[in-house]
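Following: one structure in structure tokens, then a few remarks.
What's counted below: heavy atoms across the whole structure, side chains too, no hydrogens, waters or symmetry copies. Given the structure is predicted, the values throughout are model-derived calculations rather than measurements. So you know, we letter chains A, B, ... as the sequences are listed, proteins then strands, and number each from 1.
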Amino acid sequence: MTVLKAVRGTRDLLPPETELWNRVEATTRRVFARYNFGEIRTPIFEDTSLFARGVGEETDIVSKEMYTWEDGERFDRDLLRDKWLRENIARFESWSLDRTAAPKADFEGQQMDGSWEFVIFASQTTSSQLLSLADEVREWNAASGRFRGIGRIVIPTISEAAVVTTPEGILIEKVSGAFHKSSQSLTLRPENTAGVVRAYIEHKLGESGLLQKLFYIGPQFRRERPQKGRYRQFWQIGAEVIGPPSAGSESPLRDAEVLEMLASFLDELNITGWTLVLNSVGSATDRPKYVAALREALAPVKDQMSPDNQRRAETNPLRVLDSKDPADEAIIATLPKIADFLDDESKAHFAAVLAALDACGVQYEINPRLVRGLDYYTRTTFEFTHDGLGAQNALLGGGRYDGLSEMLGGPKAPGIGFAMGLDRLILTLQSAEAEPAPVLADAFIAPLGEALNAPALALARDLRRQGMRIELGDGAFRIRKSFEIGNKLARNIILLGEDEHASGILTVKNFATGEQTKIPRGDLAQALRSSGN
RNA sequence: GCGGCUAUAGUUCAGCGGCAGAACGCCUGACUGUGGCUCAGGAUGUCGUGGGUUCGAUCCCCACUAGCCGCCCCA
């Protein structure tokens, strides 16, 4: 039998490592509480369109890195596939495919010995459902970039064949109409901000007139290639400050307060060597103007750049600024700067953020090239970076998202937030300090003989109820074995033999000092407590 | 999604076209109410999975899977 393993990109966290995780989470709760944040827990999956609208349809996260599935009572993949093939099989015999015409979804078929093979060409946005029927799906690297995938289906010959002519797009309509009416597309959350804002809107939290300050700790999911500190189920700590403008949600003081909180948080975890990097990407109207100017400036020079940057120049010009390619540095230096496109309001906002940070002594660097990948960011964007992380040097990132609530159909609710990769944060802590030692119990109780097992449990219960961490042995163990195990698991061993049971005076030995004493049962807890940590 | 490296005992790893190895850990005993240190003995395993070459493959070849590192992307 195949031994089951944790799926690719996921992992188990075991003691004593989980002690470190608990410590970080406890520090989070302690520090964030001082800033009067409350905890929010949103569902781990949401309607797919939440992320499409919030994070951005064209971002890689949404277009290819989400765990998405159809959830619906009437969805039946096999039935659907069979019906689709029966309805369309005749098309393949005479139809020739014009790939340059960029149909929404097309397919061609070929009769093999006793079977049909169909190839579907489909753009992901319109026909992921169609692709979900295929035996195999792979990316098709079309030069035009029009098609996102090819699906391949092989089935036994079907005798009954209906004739269907070839109006484009009909196919999908039929498929959805017949089988997907009650189904819903769901997605494991790839980040938590969209979910928090959804909850803010749904529960009308803005109606309180107060600023909402919410933090979360939880797993997120992204279907990326695993790497050091990057997992498909990864953990994030994040916080959001959001509210109606009348509550002061647009104030630069909010930005500075969040940044100051993060600086204090990292300090409290004894993480040194971090750098706060800041920029402003401008208002919702500044940003498109700048992107347009970038495109214009890139058009004549992009051919001289690296292939990566040529592609970015087309798909997401802002990312060109993030390029690490030294060969392209000279060109990048000549590109327009975002700072020149900020309106007066945005400039003043950014200046006020900086002034507040200066006032409380939080150090920062301004990086005019810091852009963030998510569509919803406006004005302040930031990262905390750390040298110990190699190429992936960002410890956390975030920014202001003044228009997100409205993008999701909610009221005007400017906000600022961040998300921190817990997996990577733990990595930096682990590289900075010694491996955590296993936690030792206060005492190991060794019943000497199976007749003493029951009294040993009673003793353990007694001590545990007084707050002691107790490991209970077993009377079947020989005494030597009890000592060996006890030495690994606890600071003290309590011997419970016939004598001890009869007299109520227990034999206690401290493993560190080797000192052995007799202690009345009633004094045990106090003695263990004072024997130190 | 792309590229490089890797996969052998619980762990870290060595190894070789012909008997499967070390260290640490584990178990037993020296020591029948005393751990750590020491000594003696013992058990580990589909050599990642599947196929190929070969008289013979853990070793060579291919594919797959997984991990690490980098790229892409990104909180």
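At a threshold of 4.0 angstrom between heavy atoms, the contacts of Gly9(A) are confined to the sugar-phosphate backbone, with no base atom among them. Here Asn192(A) lies out of heavy-atom contact (under 4.0 Å) with every strand. Across all strands shown, Arg223(A) has heavy atoms under 4.0 Å from sugar-phosphate atoms exclusively, and none from any base. At a threshold of 4.0 angstrom between heavy atoms, the contacts of Thr507(A) include nucleobase atoms, whether or not backbone atoms are also involved. Residue Gly421(A) is classed as a base contact, given a heavy-atom separation below 4.0 Å to a base. Using a 4.0 Å heavy-atom cutoff across all strands shown, Arg222(A) reaches sugar-phosphate atoms only and no base atom. Nucleic acid contact class of Gly398(A) (heavy atoms, under 4.0 Å, all strands): none.
Contact annotation: Arg225(A) side-chain N/O to C68(B) OP1/OP2 distance is not under 4.0 Å.
Nucleotides of RNA chain B nearest to Arg8(A) and Glu383(A) differ in position, and the one nearer the 5' end is that of Arg8(A). Residue order along RNA chain B, read from the 5' end via each residue's closest nucleotide, puts Arg232(A) first among Leu448(A) and Arg232(A).
C19(B) shows a glycosidic angle within 90° of 0 and is accordingly assigned syn.
Distance from the side chain of Arg480(A) is smallest for C31(B) among the nucleotides C31(B), C73(B), C68(B). Closest to the side chain of Phe483(A), from the set U34(B), G33(B), G36(B), is U34(B). The side chain of Gln227(A) lies closest to C71(B), out of U34(B), G33(B), C71(B).
Checked against a 6.0 Å centroid threshold, the rings of Phe37(A) and Phe215(A) do not count as neighbours.
When only modelled atom types and interatomic distance are considered, Asp402(A) and Ser283(A) share no side-chain donor-acceptor pair under 3.5 Å. When only modelled atom types and interatomic distance are considered, Ser264(A) and Glu268(A) share no side-chain donor-acceptor pair under 3.5 Å.
Contact annotation: side chain of Arg230(A) to base of C73(B), donor-acceptor pair present below 3.5 Å. In the interface, the side chain of Lys488(A) is not paired with the base of G35(B) through any donor and acceptor atom under 3.5 Å apart. The base of G33(B) lies close enough to the side chain of Glu500(A) for a donor and an acceptor atom to sit less than 3.5 Å apart.
Ring geometry for Phe384(A) against Trp274(A) counts as tilted: the plane angle lies between 30° and 60°, on a 0 to 90° scale.
The residues Arg379(A) and Asp255(A) are annotated as not salt-bridged, no charged nitrogen and carboxylate oxygen being separated by less than 4.0 angstrom.
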Between Gln233(A) and Thr10(A), is the side-chain hydrogen bond (donor to acceptor under 3.5 Å, both in side chains) condition met? List the steps.
CA-CA 6 Å; Gln233(A) 174 175 333; Thr10(A) 69; over 6 Å; no
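Under a cut-off of 6.0 angstrom, the local environment of CZ in Arg41(A) is sparse, with at most 12 non-hydrogen atoms contributed by other residues, nucleotides or ligands.
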In dot-bracket form, how is RNA chain B paired, counting a Watson-Crick or G-U wobble pair only if both its distances are under 3.5 Å and using | for bases paired to another strand?
(((((((..((((....[..)))).(((((.......))))).....(((((..]....))))))))))))....
